[in-house]
Asker: 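Let me give you the structure first, and then I'll get to my questions.
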Amino acid sequence: MVAMDMRAVIAGALGDALAKLGIPEDVLSGGPPHVERSAVRAHGEWSSNVALVASKRAGRSPRELAQALADIIQAAPPRHLRSVEVAGPGFLNFDLHESWLHESLRNIVELGEDRFAVFGTGNGEHVQLEFVSANPTGPLHVGNGWWGSYADALARLLERCGWLVTREYYVNDTGGQIKLLGESILASRSGRQAPEEGYKGDYIATLASSYEGPEDATAAGRWAAERILENIRSTLETIGIHFDEWFSQASIEESGAVEETIDLLRQRGLVYELDGATWLRSTQVGDSRDRVLVKSDGAPTYLAGDLAYHRNKFLVRGFDRVIDVFGADHHGHVSSLLAAVEAMGVERGRLEVKIGQMVSLAEGRMSKRAGTFVSLDSLISDIGPDATRLLSLLSSMDQAATLDLEIVRRQSMENPVYYVQYAHARISSIDRVRVDRGITRVDLADVDLSVLAHERELEVLRRLTELPDVVLDACRERAPYRVTTWVRKLAGCFHGFYHDCQVMGDGVPDGLMQARLWLVEGARIGLSIGLGLLGVRAPESM
RNA sequence: GCCCUCGUAGCUCAGAGGAUAGAGCGCCGGCCUCCGGAGCCGGGUGCGCAGGUUCGAAUCCUGCCGGGGGCGCCA
């Protein structure tokens, strides 16, 4: 069954009313009509701007048109409608009877965690999500965790909205960086000075002490990269990030796919030779400068490998859509990638590149040079996996963020992680008390929900009804932090309810207790879905 | 210099064409015969600047100012 959709009910009533006035719905000036939740309670539960956008077409003033629509709707009101009023410049405000919220709660409980706020928008299309993809030359930093948490939460949103998602890590296991890594290992092993620009962390010495392979930079580099990658994998596992595929750059270079890709681009007249190197004429497809594909020493550039990789994604494996999530430091790479992929014949729009902004810590700049580099591992052991995820998903990834660790170290309400998890723990606690007292929850069908009339109760219910919109918006906007914002609001409503409305107790009549038990169950479902999307545990006790 | 991105409360951030711009922290003050006080309630400040589009702009467009990032035969 489908969750009750009040927007559809109201939009339907408006459509019928417009039809009665002889106004076609599809050609309105001033943009599409909206039916949305009122920002202010005094404006009813829902409101619509339809009279504002249709007034020119109708040849009547917005308020006049709104009144005409209101009259028609009043004459045959849809279910749950208490009143419809014209307000402001011509808004229609719909005030609903609380039965709307009671029916919604029934729907939510019946659908449950697995079906409430689930959509088929993606239609089973296959999306490849590439993220983290950090060079296996050192431990992950805080930014990798931040962008990784973003991407993984986005994957969960896409899955809930009907896409099939492959999570993939592109492993830069070849090229100059690996050789440099190997040189650093070899230098450390024999007590020599690390090479200029080489890798110098403690992990280099640790690795070097157990390296028993040949005195060959590439061999040593590959050996070290494998071990570092294993550590990266396990770090990501601790914050709930699991990849379906670890795609090796070396494998694509060795397979001949790079040459095939360059041939493909050459056929389109986009490749030329200069100074012994092979160049991509990317300026012809919208880039700011041409780029080298094959260096004069014969080795392919990172771009060439990446283009072959993207050709593989689209033209070999046939993903319908690809989303790359890169850190801000990969920014310079984006325009050439987009341009070249389009030049391969992949329609613009099938490749999306999301760039995460830089992250800093409130208690000190994060800088490799200054030696204040903070590893993701140390962050996780400091504040825990849940806080690491939630902190990363607190705000938009488009904005450079400052993480305040002091707050999430506290075990109190100021800490958003505790705030939302505690709400869930309280729900579980209520259920434990219920069982201890031998109270049975009556079948929902036999419970009268109309006794839920306290403002605290209604707030929780209203919030719950927003979740489907939140999921859809967050997915479409690629903005998982919107789920976080909602979860925090729901938790807030729940704490307020819990404070003012005792569920079980001497003064609480049986009927009200039963209704409240179901409200608590609804809140549990909403919190579980939200936290699940964020990859944050929903604990039963804390 | 060019490209991208972001400027919202003292701080960290929501709001992304709608009506009176919201939270948390910090600061001040209330509330414990109560399923977990790890909580709840109240108190006030703000859309970087200037134009434009629109019935309506924090939101879209242009310019400027400011922060961050990028512009390698590195990845």
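Each chain gets a letter, A, B and so on, in the order its sequence line appears, and its residues count up from 1.
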Asker: Pairs in or reaching into residues 482-502 of chain A: which pass salt bridge (charged side-chain N to carboxylate O under 4.0 Å, His left out), with residues at least two apart or in two chains?
Answerer: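 Sorted result for residues 482-502 of chain A: A/Arg456-A/Asp500.
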
Asker: With sequence neighbours excluded, tell me which residues meet salt bridge (charged side-chain N to carboxylate O under 4.0 Å, His left out) with A/Asp386.
Answerer: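 Expected list: A/Arg537.
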
Asker: Between A/Arg488 and B/C13, is there a contact of a side-chain N or O with OP1 or OP2 at under 4.0 Å?
Answerer: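 Indeed not, no polar side-chain atom of A/Arg488 lies that close.
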
Asker: Is there any salt bridge (charged side-chain N to carboxylate O under 4.0 Å, His left out) pair reaching into residues 323-332 of chain A, and which pairs are they, with sequence neighbours excluded?
Answerer: A/Lys313-A/Asp324

Asker: Just to be sure I understand the rule, does A/Cys493 reach a base, reach only the sugar-phosphate, or reach nothing, if contact means heavy atoms closer than 4.0 Å?
Answerer: nothing

Asker: Give me the distance, rounded to whole Å, that separates B/U45 from B/C27 when you measure between the C1' atoms they each carry.
Answerer: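 The same atom, C1', in both gives a distance of 12 Å.
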
Asker: What contact category does A/Asp306 fall into here, base, sugar-phosphate, or nothing, at under 4.0 angstrom with non-hydrogen atoms?
Answerer: nothing

Asker: Scan nucleotides 72-75 of chain B against the protein and return all N/O pairs shorter than 3.5 Å with their distances rounded to 0.1 Å.
Answerer:
| from | atom 1 | to | atom 2 | distance (Å) |
| --- | --- | --- | --- | --- |
| B/C73 | OP2 | A/Arg289 | NH2 | 2.8 |
| B/C73 | O2 | A/Ser296 | N | 2.7 |
| B/C73 | O2 | A/Ser296 | OG | 2.8 |
| B/C73 | N3 | A/Ser296 | OG | 3.1 |
| B/C73 | N4 | A/Asp275 | O | 3.1 |
| B/C74 | OP2 | A/Lys295 | NZ | 3.0 |
| B/C74 | O2' | A/Gln177 | NE2 | 2.9 |
| B/A75 | OP2 | A/Tyr302 | N | 3.0 |
| B/A75 | O4' | A/Gln177 | NE2 | 3.4 |
| B/A75 | O2' | A/Asn135 | OD1 | 2.6 |
| B/A75 | O2' | A/Asn135 | ND2 | 2.6 |
| B/A75 | O2' | A/Asn172 | OD1 | 3.2 |

Asker: Would you check if A/Ser48 and A/Phe94 make a side-chain contact, meaning some heavy-atom pair closer than 4.5 Å?
Answerer: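 The answer is yes; the side chains approach within 4.5 Å.
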
Asker: With the threshold set at under 4.0 Å for non-hydrogen atoms, list the residues of residues 60-68 of chain A touching RNA chain B in residue-number order.
Answerer: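 None, since no heavy atom is under 4.0 Å.
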
Asker: How about A/Phe497 and A/His454: are their ring centroids closer than 6.0 Å?
Answerer: no

Asker: So which nucleotide from B/G18, B/C35, B/U12 ends up closest to the side chain of A/Thr402?
Answerer: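 Given the options B/G18, B/C35, B/U12, the side chain of A/Thr402 is closest to B/U12.
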
Asker: A/Asp287: which residues meet the salt bridge (charged side-chain N to carboxylate O under 4.0 Å, His left out) condition with it, sequence neighbours left out?
Answerer: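 Result, salt bridge (charged side-chain N to carboxylate O under 4.0 Å, His left out) vs A/Asp287: A/Arg291.
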
Asker: Contact class for A/Ser47 (heavy atom, under 4.0 Å): base, sugar-phosphate, or nothing?
Answerer: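 It contacts base atoms.
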
Asker: Can you confirm whether A/Arg222 sits close enough to A/Lys179 that some side-chain heavy atom of one is under 4.5 Å from a side-chain heavy atom of the other?
Answerer: no

Asker: Examine distances only and state if a side-chain atom of A/Trp518 and a backbone atom of A/Met513 form a donor-acceptor pair shorter than 3.5 Å.
Answerer: no

Asker: Between B/C55, B/G69, B/C40, which nucleotide gets closest to the side-chain atoms of A/Met358?
Answerer: B/G69

Asker: When the C1' atoms of B/G37 and B/A21 are considered, how many whole Å apart are they?
Answerer: 32 Å

Asker: More 5' along RNA chain B: A/Arg437 or A/Ser38, using each one's nearest nucleotide?
Answerer: A/Ser38

Asker: Is the closest side-chain heavy-atom distance between A/Ile525 and A/Leu464 below 4.5 Å?
Answerer: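 Result no, sub-4.5 Å side-chain heavy-atom pair not found.
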
Asker: So, using side chain to side chain contact (heavy atoms under 4.5 Å, CB included) as the criterion, who are the partners of A/Ala225 when residues are at least two apart?
Answerer: A/Pro136, A/Ile178, A/Leu181

Asker: Please write out each protein N/O paired with an N/O of nucleotides 1-11 of chain B under 3.5 Å, distance rounded to 0.1 Å.
Answerer:
| from | atom 1 | to | atom 2 | distance (Å) |
| --- | --- | --- | --- | --- |
| B/U5 | O2' | A/Asp398 | O | 3.2 |

Asker: Just to be sure I understand the rule, does A/Ala87 reach a base, reach only the sugar-phosphate, or reach nothing, if contact means heavy atoms closer than 4.0 Å?
Answerer: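 Answer is base: heavy atoms of A/Ala87 come under 4.0 Å of a base.
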
Asker: Within the structure shown, what part of the strands sits under 4.0 Å from A/Val503 by heavy-atom distance: base, sugar-phosphate, or nothing?
Answerer: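 Here A/Val503 touches the bases of the nucleic acid.
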
Asker: Under 3.5 Å, side chain of A/Asn135 to main-chain N/O of A/Thr137, donor-acceptor pair present?
Answerer: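 The answer is no, because no donor-acceptor pair under 3.5 Å joins these two groups.
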
Asker: Would you kindly compare A/Cys501 and A/Asn415 by the position of their nearest RNA chain B nucleotide and give the one closer to the 5′ end?
Answerer: A/Asn415

Asker: Among the nucleotides B/G37, B/G18, B/C35, which one has an atom lying closest to any side-chain atom of A/Tyr422?
Answerer: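 Nearest nucleotide to the side chain: B/G37.
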
Asker: Checking all strands, does A/Ser541 fall into the base, sugar-phosphate, or nothing category for heavy-atom contacts under 4.0 angstrom?
Answerer: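 Base, at least one base atom sits under 4.0 Å.
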
Asker: Any Lys/Arg nitrogen of A/Arg266 or A/Glu273 sitting under 4.0 Å from an Asp/Glu carboxylate oxygen of the other?
Answerer: yes

Asker: Report yes or no: is the ring centroid of A/His34 under 5.5 Å from the six-membered base ring centroid of B/G18, with the two planes under 30 degrees?
Answerer: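 Stacking is absent between B/G18 and A/His34, given that the ring centres and planes do not meet under 5.5 Å and under 30°.
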
Asker: Would A/Arg463 and A/Trp486 count as a cation-pi pair here, with the cationic atom under 6.0 angstrom from the ring centre and within 45° of the axis?
Answerer: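 No.
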
Asker: Examine distances only and state if a side-chain atom of A/Thr484 and a backbone atom of A/Leu393 form a donor-acceptor pair shorter than 3.5 Å.
Answerer: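 Looks like yes, one N/O pair under 3.5 Å.
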
Asker: Would A/Arg432 and A/Glu540 pass as an ion pair if we require N to O under 4.0 Å?
Answerer: no

Asker: Only Watson-Crick and G-U wobble pairs with both distances less than 3.5 Å should count. Give RNA chain B in dot-bracket notation, marking inter-strand partners with |.
Answerer: (((((((..((((....[...)))).(((((.......)))))....(((((..]....))))))))))))....

Asker: Between N or O atoms, less than 3.5 Å apart, protein on one side and nucleotides 41-45 of chain B on the other: list the pairs.
Answerer:
| from | atom 1 | to | atom 2 | distance (Å) |
| --- | --- | --- | --- | --- |
| B/C41 | OP1 | A/Arg456 | NH1 | 3.1 |
| B/C41 | OP1 | A/Arg456 | NH2 | 3.3 |

Asker: Roughly how far, to the nearest 0.5 Å, is CD1 of A/Ile23 from CG of A/Leu18?
Answerer: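 Between atom CG of A/Leu18 and atom CD1 of A/Ile23 there are 5.5 Å.
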
Asker: For a quick test of reading the model: is some side-chain N or O of A/Tyr481 closer than 4.0 Å to OP1 or OP2 of B/G15?
Answerer: yes

Asker: Mind checking side-chain hydrogen bond (donor to acceptor under 3.5 Å, both in side chains) for A/Thr301 and listing every partner two or more places apart, or none if nothing turns up?
Answerer: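 Residues passing side-chain hydrogen bond (donor to acceptor under 3.5 Å, both in side chains) with A/Thr301: none at all.
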
Asker: CD of A/Glu36 versus C1' of B/G15: gap in Å, rounded?
Answerer: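 Rounded to whole Å, this separation is 13 Å.
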
Asker: Got a sec, which residues hit salt bridge (charged side-chain N to carboxylate O under 4.0 Å, His left out) with A/Arg41, two or more places apart in sequence or on another chain?
Answerer: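 Partners of A/Arg41 under the salt bridge (charged side-chain N to carboxylate O under 4.0 Å, His left out) test: A/Glu455.
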
Asker: Indicate whether A/Phe91 forms a stack on B/A19; treat it as stacked only if centroid distance is below 5.5 angstrom and interplanar angle below 30 degrees.
Answerer: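 It does: the two rings, one from A/Phe91 and one from B/A19, meet the stacking criterion.
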
Asker: Could you tell me whether A/His495 contacts a base, only the sugar-phosphate backbone, or nothing, with contacts defined as non-hydrogen atoms closer than 4.0 Å?
Answerer: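 Result for A/His495 = sugar-phosphate.
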
